[in-house]
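Report on the structure given below.
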Amino acid sequence: MKLIRLVLSLAAMAIAAVAADAPAATTLNVLVVGGGSSHAFAKWWGEVDLALLNAMPGVKASYTEDTDSIVPMLATTDVLYLANNKPFTQEATRNAIMDFARAGRGGVILGHAGMWYSWNDWAEFNSVIAGGGARGHDRVAPFEVKVTAPTHPIMKDVPATFQVSDELYWYIPEPAGTPIKVLATVSSPSKKAEFPSIFVVDLPKARIAGIALGHDAGSHDTPAYRQLLKNTILWAAGR
Ligand SMILES: [Zn+2]
């Protein structure tokens with residue numbers, strides 16, 4: 001009798017394991033949005049990052065600079081990766097992004113220019129989704145990124161410190177905005193101050209991450225950035 005019970009419970013465990021694995025087998029859809037000024041968006045996000053993401057097992061990433069075309073795509077998007085400083089001109093698009101982020105149905109990644117204070121008509125983007133933003137940066141130069149939360153899944157296999165050559169963003173959290181958890185910091189020689197470089201935004205239900213790095217090859221082509229981006233996609237998708 002005991003043996004039968006053991007066999008039955010093992011069978012039940014096997015079925016549960018298959019069920020738990022099942023969602024991971026489905027496609028992870030990433031929508032990368034670029035476009036705007038001061039950056040080669042199509043090259044660094046539309047080609048280099050996109051190729052990296054599409055090489056991940058199960059990931060299907062697409063890229064657009066048509067910022068007002070994304071609303072219908074959100075229904076099948078698991079991770080929305082915003083790097084654009086090109087405006088979302090339609091209020092319906094801005095509302096759809098807010099709803100997408102707030103509901104936690106999919107994750108959101110803010111890459112580099114995507115965490116700038118770009119929107120005169122959308123303060124909520126910075127205060128709620130980004131938890132703050134950047135209004136300035138140091139000129140492109142080599143600097144060190146220091147991981148401060150090494151056990152966070154976004155930092156898996158990322159070195160404790162690593163070098164990039166990039167614009168050092170002066171991202172500042174908003175005191176009344178959504179709180180952030182800092183995962184890595186940078187130290188600005190011009191400001192003589194530390195700034196968050198990699199962080200997550202603690203909006204209930206949502207999965208939002210910020211990666212301040214990414215002006216050009218000086219980050220996108222480094223192993224640390226590439227590992228970080230892959231980890232962030234999986235974390236934002238809840239995988
Ligand atoms: Zn830049």
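Residue indices begin at 1 and follow the sequence shown. When a ligand or atom number is given, it counts from 1 through the structure's own listing order.
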Original post:
Do Arg135's NZ or CZ and the ring of Tyr117 fall within the cation-pi criteria of under 6.0 Å and 45°?
Top reply: yes
Original post:
Quick one: do Asp49 and Arg226 make a salt bridge, cutoff under 4.0 Å?
Top reply: no
Original post:
Of Leu52, Val30, Asn29, which meets side chain to side chain contact (heavy atoms under 4.5 Å, CB included) against Val59?
Top reply: Val30
**OP:** Only counting residues at least two apart or in another chain, list the ones meeting ring-ring contact (aromatic ring centres under 6.0 Å, His included) with Phe41.
**Re:** His39, Trp45
**OP:** Could you check whether the rings of His137 and Tyr169 sit parallel, tilted or perpendicular, using 30° and 60° as the cut-offs?
**Re:** parallel
Original post:
Which residues and atoms, counting only protein N, O or S, are under 2.8 Å from the Zn ion (ligand 1)?
Top reply: His39 NE2, His112 NE2, Glu167 OE1, His215 ND1
Subject >> Lys/Arg-Asp/Glu bridge criterion (N-O < 4.0 Å) met for Lys146, Glu194 >> reply: yes
